[in-house]
Amino acid sequence: MSTEASVDEFLLLILSSPSGAGKTTLCGKLRADLPRLRFSVSHTTRKPRPNELDGREYHFVDRARFEAMIEAGAFAEWAEVHGNLYGTAVSEITRAKAEHAQGVIFDIDYQGARQIKACFPDAVGVFILPPSLEELERRLRGRGTEDEPTTLRRLQAARREIAHYGFFDYVIVNDRLDEAYLRLRGVVAAESSRRHRWARLCESLLLGPEPATRIASG
Ligand code: ADP
Ligand code: 5GP
C-alpha cells in the first residue's frame with residue numbers, strides 16, 4: 001500500500017500490550033481527550049463480549065468473510081492472535097485521512113505493529129507493560145470477560161508478547177492509571193511535534209514575499 005502520506009503531520013499511533021495490561025482503558029482515555037485521533041476499528045473472528053457492539057469495538061465477522069478480505073487485499077495488516085484472526089482494513093486509514101483526522105490509533109498486537117511499521121516507517125509504536133505478571137493476571141481475571149481456558153492462553157502468551165518490546169519506540173508501565181495516561185499523552189504531544197510532520201508548513205511559510213515587502217509594495 002502507498003506510503004505517500006507517511007511523511008506529514010498525520011499520526012499513526014500503535015498501542016500494543018499483553019492482554020489485560022490496560023491498553024483498551026488507556027486508549028479510551030486518549031480517544032475521549034483527543035477526538036481528532038480516529039480509532040481504527042479492526043475486523044475479528046472473535047465472538048463479541050457482552051458489552052461489545054459490532055462496528056464500535058470491532059467488526060465481528062466469520063472466518064470465511066475474513067479470509068475473503070485477505071484474498072481481496074483489504075487488510076493493511078492482519079494476524080492470528082490467541083486463536084482468532086484480527087486485521088486492520090486499509091479503509092480505516094484512508095477514511096481517517098479523507099476525514100482530515102489528526103491520525104489513527106491502532107490497538108493491535110506486535111505482529112500487526114510490525115506490518116504497519118513496514119508500510120509506514122514513521123508510525124509510532126507504544127508498548128504498554130503491566131507492573132508485574134501477577135498484577136496482569138489480577139487485571140485479566142478482574143475484567144471477567146474470558147473463560148478459564150482463554151484466560152490461561154492469554155496469560156501464557158504474555159511473556160512471548162513482552163519478548164517483542166524491542167520493536168516499539170516507547171514502553172509505558174501502566175501501574176497507576178493516571179500516571180501512565182500522562183505519559184501516553186506526552187508521547188502523542190511529542191510525536192505530533194516532530195519536525196518532519198511540520199516540514200510542509202515550514203516550507204510553505206518560506207514561500208511568497210516577506211511581510212515587510214508586502215507592506216512596502218501595498
Ligand atoms: P487490555 O486492553 O490491555 O487487554 P484493559 O484495558 O481491558 O486491558 O484492562 C484490563 C483490566 O484492568 C480492566 O478491568 C481495567 O479496568 C483494569 N485496569 C486497567 N488499567 C489499570 C490500572 N492502572 N490499575 C488497575 N486496573 C487497571
Ligand atoms: P481482544 O480479543 O482482547 O480484543 O484482543 C486480543 C489481541 O488482539 C490484543 O493484543 C489486540 O491488540 C489484538 N488485536 C486487536 N485488533 C487487532 C488487529 O486488527 N490486528 C492485530 N494484529 N491485532 C489486533
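Start at 1 and go down the list; that is how both ligands and their atoms are numbered.
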| said: Is there a polar contact between ligand 2 and H82, counting only N or O atoms under 3.5 Å apart? | reply: no
| field | Protein heavy-atom partner closest to atom 10 (C) of ligand 1 - residue, atom, separation in Å | value | G20 O, 3.5 Å
| message | I need the nearest protein heavy-atom contact for atom 12 (O) of ligand 2: residue, atom name and distance, please. | response | D107 OD1, 2.7 Å
| Are R141 and E146 within salt-bridge range, i.e. N to O under 4.0 Å? | no
| Y181 and D33: side chain donor to acceptor below 3.5 Å | yes
| task | Assess the side chains of T145 and R143: does a donor N or O sit below 3.5 Å from an acceptor N or O? | result | yes
| Does E52, backbone or side chain, put an N or O under 3.5 Å from an N or O of ligand 2? | no
| request: From atom 24 (N) of ligand 1, work out which of R141, E179, K29, R139 has a heavy atom at the shortest distance. | output: R139
| Can you find an N or O of E77 that's nearer than 3.5 Å to an N or O of ligand 2? | yes
| Below 3.5 angstrom, do we get any N/O pair linking R49 and ligand 2? | yes
| Based purely on interatomic distance, does S19 place a nitrogen or oxygen under 3.5 Å from a nitrogen or oxygen of ligand 2? | no
| Is it true that K23 lies under 4.0 Å from ligand 2, counting heavy atoms only? | yes
| field | Distance-only N or O hit between ligand 1 and R176, under 3.5 Å | value | no
| Do Y86 and E80 get their side chains close enough for a donor-acceptor pair, meaning under 3.5 Å? | no
| Is there a heavy atom in Y58 that sits closer than 4.0 Å to ligand 2? | yes
| Close N or O approach (G87, ligand 2; < 3.5 Å) | yes
| said: Give me the residue, atom name and distance of the protein heavy atom closest to atom 3 (O) of ligand 2. | reply: R154 NH1, 2.7 Å
| field | Within reach of ligand 2, part of I108 (heavy-atom separation under 4.0 Å) | value | both
| task | Check the hydrophobic clustering (I, L, V, M, F, W, Y; side-chain heavy atoms under 4.5 Å; chains of links allowed) and say if L30 and L182 are grouped together. | result | no
| message | Looking only at distances, can you tell me whether any N or O atom of E161, backbone or side chain, sits closer than 3.5 Å to an N or O atom of ligand 2? | response | no
| query | So, is the end of the K47 side chain (NZ or CZ) under 6.0 Å from the ring centre of F60 and within 45° of the ring's axis? | reply | no
